[in-house]
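Each ligand, and each atom within it, is numbered from 1 in the order the structure gives.
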Amino acid sequence: MQPSGPAAVAAELDASLEQYLRVRIFKIIVIGDSNVGKTCLTFRFCGGAFPASTEATIGVDFREKTVEIEGEKIKVQVWDTAGQERFRKSMVEHYYRNVHAVIFVYDVTKMASFTNLKMWIEECNVHAVPPFVPKVLVGNKCDLREQIQVPSSVALKFADAHNMLLFETSAKDPKESQNVESIFMCLACRLKAQKSLLYRDMERQQGKVQKLEFTQDANNKNSCPC
Ligand SMILES: Nc1nc2c(ncn2[C@@H]2O[C@H](COP(=O)(O)OP(=O)(O)OP(=O)(O)O)[C@@H](O)[C@H]2O)c(=O)[nH]1
Ligand SMILES: [Mg+2]
C-alpha cells in the first residue's frame, strides 16, 4: 500500500532530498582574454544558441546545464568569467575556489590572446589549482577562416606541453555546436570518472592527491579520453 497523507509527503521529501544530494555539481571556470568569446561559448553550451549581442562580462555570469552520463545526472555549473582586469580583480579568488575543471579560451584570429595564455595559466597556478584538475584549451572563432593567426600545429604543441586537450571551434557556427558541447561533456566525463568528489576533497586536505595522467591522440585532437 502506498503511504498517504503526511507520511507520503515526508517520503516524497526524503526521496527528493536524497536525489538532490546525489546530483553532483561540477564547477567549471572559463578563462581567457576579453573578447575571445567566453560568454558566447558558455551560452552556446547552456542556452543552445549564439547570443544576438554580448557585453563585456562584469565579475562573473553563472550558467548551468544538467547532463546525463552513464545514467547519472550531473549539474555542470559554468562560471563565465570576466576577461578585463578591472571587471575581475575583486572576483579572482572566487573563480578558483574549489574549481573542478578549467577551460582556457583564446581567439584563433588574435595571436595576442594565444600568447597571453601563459599569463592565465600562471594565474591558475598562483591560486594553487591542483594538477589533477582537468584543463582544456579552446581556440574559438574558427568560422573566421580568412583571419586565422594561430596555426593549429602551434596550438597543439602548446596544449601538449601543458597536458591539455585542444579544441578548435566556433561559438557562432551552428555546425560547430556539437563540438562546443563535447568540450564540456569531455570534462564532465573525466570528472565523473574520478573518485567521489567528496572523497577526493578529503584527500586533498590530507595532502594525498593523485595525479591523473591524460594522454592525447595527436591524430585526433578532439578525441575524448573517457
Ligand atoms: N565570428 C565569431 N565571433 C564570435 C565568436 N564568439 C564570440 N564572438 C564575438 O566576439 C565578441 C566577444 O564575445 P564575448 O563572448 O562577449 O567575449 P568574452 O570573452 O566573454 O569577453 P569578456 O566578457 O570581456 O571577457 C562578440 O562580438 C561576439 O559576437 C565566434 O565563434 N565567431
Ligand atoms: Mg564575457
Can you measure from CD (Q77) to NE2 (H100) and round to the nearest 0.5 angstrom? 9.5 Å

Check if T169 has a non-hydrogen atom at a distance under 4.0 Å from any atom of ligand 1. no

Nearest-contact summary for atom 27 (O) of ligand 1 - protein heavy atom, Å: T54 OG1, 4.5 Å

Going by the order shown, which atoms of ligand 1 are within less than 4.0 Å of some heavy atom of T57? 22 (P), 23 (O), 24 (O)

Flag T39 as yes if one of its N/O/S atoms falls below 2.8 Å of the Mg ion (ligand 2), otherwise no. yes

Run the salt-bridge test on E123 and K118 with the 4.0 Å N-O cut-off and return the result as yes or no. no

How long is the span from the CZ atom in R88 to the OG atom in S34, to the nearest 0.5 Å? 10.5 Å

Numbering as shown, the atoms of ligand 1 that approach S170 to under 4.0 Å (heavy-atom distance): 31 (O)

So, the side chain of K172 versus the backbone of C40: is there a donor-acceptor pair under 3.5 Å, distance only? no

Side-chain heavy atoms of C142 within contact of D173, under 4.5 Å: no

Does one hydrophobic cluster hold both M119 and V150, with members joined at side-chain heavy-atom distances below 4.5 Å? yes

Options K172, K141, R44, Q84, ranked by nearest heavy atom to atom 9 (C) of ligand 1, top entry: K141

Near E68 CD, under 6.0 Å, is it more than 12 heavy atoms from other residues, nucleotides or ligands? yes

Please determine whether T57 has a backbone or side-chain N, O or S atom lying under 2.8 Å from the Mg ion (ligand 2). yes

Go through ligand 1 atom by atom and flag the ones less than 4.0 Å from a non-hydrogen atom of G83. 22 (P), 25 (O)

For A56, take its heavy atoms, then give the atoms of ligand 1 lying under 4.0 Å from any of them. 23 (O), 24 (O)

So is G37 polar-close to ligand 1, meaning N/O to N/O under 3.5 Å? yes

Top protein contact for atom 21 (O) of ligand 1, by heavy-atom distance: N35 N, 2.9 Å

Going by distance only, is there an N or O of L144 that falls short of 3.5 Å from an N or O of ligand 1? no

Nitrogen or oxygen atoms of A82 and ligand 1 under 3.5 Å apart: no

What's the spacing between I148 CD1 and K110 NZ if we round to 0.5 Å? 16.0 Å

Any atoms of ligand 1 less than 4.0 Å from a non-hydrogen atom of C40? List them with their elements. 6 (N), 7 (C), 13 (O), 15 (O), 28 (C)

Is the shortest distance from a Lys or Arg side-chain nitrogen in D80 or K38 to a carboxylate oxygen in the other one below 4.0 Å? no

Counting from 1, what ligand 1 atoms have a heavy atom of D33 closer than 4.0 Å? 19 (O)

Can you find an N or O of F50 that's nearer than 3.5 Å to an N or O of ligand 1? no

Kindly indicate, with the supporting measurements, whether the criterion side-chain contact (heavy atoms from CB on, under 4.5 Å) is fulfilled by K135 and V129. CA-CA 10 Å; K135 301 165 190 85; V129 175; 4.1 Å; yes

Would you mind listing which atoms of ligand 1 come within a distance below 4.0 Å of any non-hydrogen atom of D143? 1 (N), 2 (C), 30 (C), 31 (O), 32 (N)

Distance (rounded to the nearest 0.5 Å) between Q178 CD and M185 CE: 9.5 Å

